[in-house]
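Reading through the structure tokens given below for one structure.
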Amino acid sequence: MVSVPVSTTINSDEVEFLCRADESLLDVLRNRLGLMGAKEGCGTGDCGACSVIMDGRIVCSCLVLGAEAEGRTIETIEGMADGNELHPLQKKFIEHAALQCGICTPGFLMAAKALLDANPDPTEEEIRFWLAGNLCRCTGYDKIVRAVADAAQEMRGKRA
Amino acid sequence: MNFDPTYRSQKFRSVGTRPRRPDGIDKVTGRARYGADFNMPGQLVGRILRSPHAHARIVRIDTARAEAVKGVKAIVTASDLPDLTNGNQSLFNILDNCMARSKVLYDGHAVAAVAAIDANAAKQALKLIEVEYEVLPHVVDVDAAMLPDAPLIDKTLFTGGVEPTPETPSNVALRSEFGHGDIESGFAQADIVVERSYRTEQTHQGYIEPHACVASCNSDGTAELWVCTQGHFVFRQTCADLLGLDVSKLRVTSSEIGGGFGGKTHVWVEPVALALSRKAGRPVKLVMSREEVFRASGPTSATSIDVKIGARKDGTITAAAANLRYTNGPYADIWAELGAMTSFACYDLENVKTVGFEVLVNRPKVAAYRAPSAPMAAFAVESTIDELAQELGMDPVEFRIQNAASEGTKSSYGPVYGPIGIGPTLEAAQSHPHVKAPLGPNQGRGMACGFWFNFGGQTCTDLNVNVDGTVTLAVGTVDVGGSRASLSLIAAEELGIAYEDVKAVVADTATLGYNDMTDGSRGTFSSSMATISAARNAIGVMRHRAALQWDIPVEDVTWEDGNAKASGEKYGNLSPLSIKEIAAASGNTGGPIAGHSEMVADGAGVSFATHICDVEVDPETGSTRIVRYTVIQDAGKAVHPAYVEGQYQGGAAQGIGWALNEEYIYGEDGRLQNPGFLDYRIPVCSDLPMIDTQILEIPNPNHPYGVRGVGETSIVPPLAAIANAISNAVGIRMTHIPMSPPRILAALNRERNQ
Amino acid sequence: MRYERPKTTAEVTNLLAGAVGRAFVLAGGTDLLVRMKSDDFEVDLVVDIKAIPSMSEISETADGFEIGAAVPCAVLGENKALVAAWPGVVEAANLIGSTQIQGRCTIAGNLCNASPAADSVPAMVAAGAHARIASPDGAKIVAVEEIPVGPGETSLKKGEFIEAILIPKRSPRSGDAYLRFIPRTEMDIAVVGAGVRLTLDEQGGIESARVALGAVGPKVVLSEEAARAIVGSKLEEAALDALAEACSAASTPIDDKRGTVEFRKHVVGVLARRAAKLAYKRAGEN
């Protein structure tokens with residue numbers, strides 16, 4: 001097994017790593033780069049807990065090879081806040097009690113960020129279908145959907 | 001230390017507010033550390049080899065080729081986990097489940113484990129472990145397992161709870177019976193009797209975080225375990241027992257937990273990880289895959305239930321009976337017994353009898369799942385009640401109100417109720433706008449009630465007043481859904497200080513006395529009781545310190561709003577001493593200030609809920625959509641209402657999944673066909689509407705603030721509420737859960753062809 | 001396992017042709033990486049085609065649309081011309097998986113995975129789409145329905161790979177639609193799927209039709225009987241009944257964890273009716 005050298009950009013930082021050819025981006029993030037915010041809930045792209053944004057699109061990092069990160073731009077949960085200033089979505093998730101156990105939260109936040117980047121004013125239905133790839137077993141989704149809608153509203157206010 | 005838990009009505013300052021949770025920022029920034037997010041120096045990767053057979057004798061295991069793989073440091077089989085259980089059958093069952101000894105009893109049963117320097121070496125080694133099986137006939141269906149000629153899971157098992165004990169072994173481990181009165185004469189008094197049989201399929205808790213741990217055994221007999229668990233003290237005891245460790249030498253730290261719902265109350269892989277570490281002499285990280293979680297960690301029971309209820313034309317139930325058959329997996333437990341206890345708990349019945357049968361099958365060992373065993377019993381009973389109301393021409397809510405249990409009712413499972421919430425939740429349902437809202441085409445409305453006992457149990461808590469007057473609260477119940485916020489509110493309330501001045505942490509097993517696990521909706525109930533007790537003890541210390549500072553008798557010092565006050569007029573000139581001032585002076589008044597408590601928290605008030613549900617059924621495909629959903633439940637006192645609502649919504653969502661799509665599907669070969677989130681279909685965000693909640697507060701007389709457990713009851717009513725709504729929408733009575741599109745379409749087609 | 005990221009099609013075909021052991025093309029990876037997760041799956045070579053620019057492009061030609069093999073399905077939904085011409089194909093592609101999957105999965109991959117339940121395949125077959133296959137001997141063009149031959153099996157030979165999907169220019173008065181049935185609202189594999197494309201004559205009668213069905217046989221079913229049932233009609237109730245009946249008759253499904261024979265044979269007719277109505281409406285608007 002030959003290791004693959006990879007140069008990539010993660011949370012605005014230039015990063016280089018070596019990984020096995022068959023290693024997933026999720027394993028690289030967690031085991032080689034110490035970015036453990038992305039979680040493995042299934043390893044098969046069904047739960048969304050490992051969601052990261054790659055070149056502007058939300059993807060399951062368990063379904064991306066580490067080697068594919070070459071030359072790409074990747075955003076993870078660790079880069080969502082601006083230092084100590086939380087992203088509006090992060091604030092609203094806490095404020096609305098949109099997390100219970102919190103294991104799905106990083107994936108939901110990344111997916112919700114990708115949604116609001118693409119669509120600043122989503123309907124409830126658009127939020128629900130966009131987030132259908134992120135499983136939460138604790139909340140029944142109610143407070144998550146409310147938190148995303150509220151964050152969207154606040155962010156629209158700031159843009160205006 | 002004379003703690004008085006009696007409820008006293010009071011005006012709350014902190015309790016009932018909705019502050020931000022203390023672990024919020026860690027959890028939205030990815031910093032919170034769960035089971036798999038911890039590493040130790042020199043750590044190895046652990047993997048488990050699992051049986052592909054539902055039932056087989058292990059003839060031979062040869063690990064020689066696997067041991068030769070480069071990077072493999074240890075391989076363990078049952079021989080590395082010798083039987084130290086001393087005739088303790090339930091402990092032996094745990095051991096046998098963690099690592100099969102002579103037989104594998106289900107698809108996914110562990111037979112060997114590997115620790116290697118990386119995942120690749122571990123995977124290669126797993127493939128090279130040779131296991132020779134003698135495949136045996138298997139049985140996975142609950143009714144089939146009870147037939148006289150069924151393959152026997154355990155040939156030494158004779159049904160308990162029957163006199164005389166049977167002479168032949170069977171898969172029925174235990175018969176249990178509850179009730180009172182005389183059902184025969186009760187049914188004789190009935191004008192209408194409805195009798196139906198129901199089935200529910202096996203479901204899994206479906207927590208998003210797979211089981212994970214890091215185990216480290218040292219040569220001096222000490223060991224550490226980092227693990228996602230609902231009860232690290234319980235895990236410590238079990239692991240110490242199975243590995244022959246001194247309890248004091250095994251330190252267990254609970255990670256943040258990514259969901260449990262009962263499934264993380266049992267050890268599954270932790271003793272194996274410790275055994276691997278002991279053999280390899282290095283720490284071992286063992287993380288289950290999602291497939292392993294489904295195949296080999298405990299789901300709930302599959303059931304088969306008969307219900308018979310009779311009533312007079314005036315709407316009075318005269319008799320009620322149920323026979324409940326629950327799968328237990330391959331080891332005997334008390335799941336049907338819990339079902340038998342909860343079946344008719346909502347009602348005031350003169351004549352009632354329930355009989356439970358614990359049935360062994362070749363499926364994974366059943367574990368608790370949120371109000372374990374109650375949802376299936378409630379599905380059967382509440383569906384029958386609904387049908388009976390229809391036959392009587394009565395409104396289903398009115399019919400239930402007429403027969404509801406109330407304070408003083410002798411429950412169907414024995415105890416006499418104190419103040420309870422079933423009547424009030426039904427009355428709230430009756431006046432809820434939901435029941436008057438118009439319905440569209442192919443839509444229907446249903447409702448159902450649910451009950452759960454709630455547990456208390458052993459609890460130990462430390463409350464330390466820091467030198468700046470802030471408070472550190474160390475609890476031993478794992479926080480599964482925001483209890484650190486709730487317990488901080490409780491401490492702030494009792495001490496009279498700000499919520500922000502309390503920091504709650506979950507202590508590890510080396511730094512606090514024993515705590516039962518977070519199950520039975522006991523986390524906030526019992527730890528809040530212990531927190532109040534600890535706070536009262538700390539207040540006692542602070543009154544002493546103030547008395548010392550003032551040089552007056554302690555009897556003349558009272559505690560009000562976070563301040564010590566000199567009572568009476570003789571000390572008129574003394575201004576109050578705040579907690580900050582007392583704490584700042586503590587070094588000169590006797591040292592650190594702390595309050596401790598240890599107790600068996602008794603008197604967890606029982607919990608009731610009523611749910612209302614609207615569905616829309618596509619008559620051409622049998623697909624069901626939840627249009628509207630309302631949960632009404634008694635919380636006793638909602639400490640942090642946002643997280644109480646969250647429990648109501650989450651339980652309802654799990655119940656909706658169970659009702660419509662979730663099920664374990666076994667092939668003819670006894671292998672699980674759908675061990676993944678693709679085909680084990682838990683609700684996704686677009687499947688659900690907003691879930692409305694209404695919190696009722698009927699104080700629990702046995703808790704100082706009136707708190708009851710709130711975590712579980714919300715999963716009990718949805719199965720029946722949805723079945724009743726489907727019946728209302730398209731006129732078919734579904735008796736088999738899940739009510740998946742193929743089952744509904746088949747029922748609709750049967751109806752059309754009649 | 002070896003990972004290669006060639007920059008030309010020729011390099012891809014040479015790598016595949018010369019591979020020792022099991023070789024796979026990587027575009028979106030949403031099937032391949034799931035299979036790699038399994039302990040029983042071995043792979044020796046993965047050839048990532050995304051460094052070849054044409055693989056990630058959609059171009060509109062005189063003959064229709066050419067969709068590179070690595071174009072994610074989400075991008076199809078963002079292409080206004082494609083959405084306007086072939087809404088059924090795009091909707092089918094956009095039904096695959098979650099938002100996360102959409103950012104990676106491809107219709108070429110959906111086709112090569114050869115699942116009978118693939119959502120985009122019945123829609124492509126109804127649309128009359130073709131695949132352009134590259135090989136060391138040059139390119140060839142094959143009808144989409146010729147690619148899968150059974151569950152997980154394709155007609156592609158060693159050294160061959162699909163470099164683009166070709167969707168014809170939509171003729172006037174034509175419309176297409178694809179509907180599937182899943183137990184949840186998202187994230188499931190189709191239990192049944194039905195794709196319909198039809199072209200109307202000037203009087204609004206159906207002049208020609210293609211009806212393709214998913215998850216009701218070992219591979220996608222292109223039913224001429226079903227098409228005949230509605231050609232010449234204006235989708236009157238009798239024609240729709242005949243369509244549903246023909247679809248049920250053309251189906252040879254199995255009982256499995258996702259559905260029963262009875263359910264699939266019934267629902268395939270229900271979906272074909274609904275898809276035909278939608279396609280008819282769209283055709284009338286064009």
Side-chain angles (χ1 to χ4, degrees), chain A residues 1 20 22-23 27 30-31 35-47 49 76-78 80-81 86-87 89-91 93-109 124-125 127-146, chain B residues 18 20-21 23-34 36-37 39 119-120 205-210 256-261 287 289-291 480-482 485 629 640 642-643 645-654 656 676-678 682-693:
Chain A
M1 173 75 60
R20 291 166 48 95
D22 61 356
E23 201 169 328
D27 284 343
R30 290 181 54 85
N31 302 336
L35 296 172
M36 291 197 170
K39 308 299 178 190
E40 178 168 318
C42 67
T44 50
D46 297 309
C47 79
T76 73
I77 187 66
E78 288 87 351
M80 193 170 190
L86 296 180
H87 187 280
L89 278 162
Q90 293 173 309
K91 285 186 202 163
F93 265 59
I94 297 175
E95 208 175 283
H96 283 266
L99 52 137
Q100 286 178 31
C101 82
I103 191 89
C104 68
T105 308
F108 265 100
L109 286 167
E124 182 190 332
E125 192 181 14
I127 294 172
R128 287 188 179 277
F129 276 89
W130 184 281
L131 295 178
N134 292 83
L135 299 181
C136 169
R137 192 61 158 169
C138 292
T139 65
Y141 305 105
D142 181 302
K143 293 181 189 299
I144 292 175
V145 174
R146 289 178 201 276
Chain B
R18 300 173 178 239
R20 290 167 196 191
R21 61 193 288 165
D23 51 332
I25 289 181
D26 280 347
K27 286 183 172 168
V28 300
T29 55
R31 292 177 203 168
R33 286 188 307 169
Y34 294 84
D37 301 338
N39 293 309
N120 200 46
Q205 298 84 352
Y207 32 81
I208 307 301
E209 181 201 28
E256 291 295 338
I257 177 172
F261 316 109
V287 181
S289 68
R290 176 55 53 185
E291 180 182 325
V480 297
Y629 205 99
H640 191 307
Y643 290 104
E645 291 162 4
Q647 291 296 320
Y648 290 6
Q649 292 165 334
Q654 288 184 318
I656 290 167
F677 279 136
L678 183 62
I682 78 172
V684 301
C685 195
S686 49
D687 289 344
L688 299 176
M690 292 297 183
I691 296 169
D692 295 333
T693 58

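Predicted model only: the values in this text are computed from it and were never measured.
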Okay, B:Ala32 and chain A: the region with an atom under 4.5 Å from a heavy atom over there is backbone
Please report the shortest heavy-atom distance between A:Gly41 and B:Pro210, naming the atom on each side.
O-CG, 3.9 Å
If one checks every heavy atom of B:Ile257 against chain A at 4.5 Å, the contacting part turns out to be backbone
Shortest non-hydrogen contact from A:Arg137 toward B:Tyr207:
CG-N, 4.2 Å
Nearest 0.5 Å, what's the CD-CD distance between B:Gln649 and A:Gln100?
8.0 Å
Tightest non-hydrogen contact, residues A:Cys42 and B:Phe677, listed as CB-CD1, 4.1 Å
Interatomic spacing from CD1 in B:Ile691 to OH in A:Tyr141 - rounded to 0.5 Å
10.0 Å
Verdict with reasoning, B:Phe261 to A:Cys138, per side chain to side chain contact (heavy atoms under 4.5 Å, CB included):
CA-CA 9 Å; B:Phe261 316 109; A:Cys138 292; 3.7 Å; yes
Which heavy atom in B:Asn39 sits nearest to a heavy atom in A:Met36, and how many Å separate them?
ND2-CE, 3.1 Å
Taking B:Glu209 for its side chain and A:Ile103 for its backbone only, find out whether a donor-acceptor pair lies under 3.5 Å.
no
Engaged part of B:Tyr629 at the chain A interface, taking heavy atoms whose separation is under 4.5 Å
neither
Which answer fits B:Glu291, side chain, backbone, both or neither, if we ask what part of it has an atom under 4.5 Å from a heavy atom of chain A?
neither
Measure B:Ile656 against the heavy atoms of chain A and call it side chain, backbone, both or neither at under 4.5 Å.
neither
State whether the side chain of B:Arg290 and the backbone N or O of A:Glu40 hold a donor-acceptor pair below 3.5 Å, judged by distance alone.
no
Heavy-atom distance under 4.5 Å to chain A: side chain of B:Thr29, backbone, both or neither?
both
For A:Thr105, is there any backbone N or O sitting under 3.5 Å from a side-chain donor or acceptor partner on B:Lys27?
no
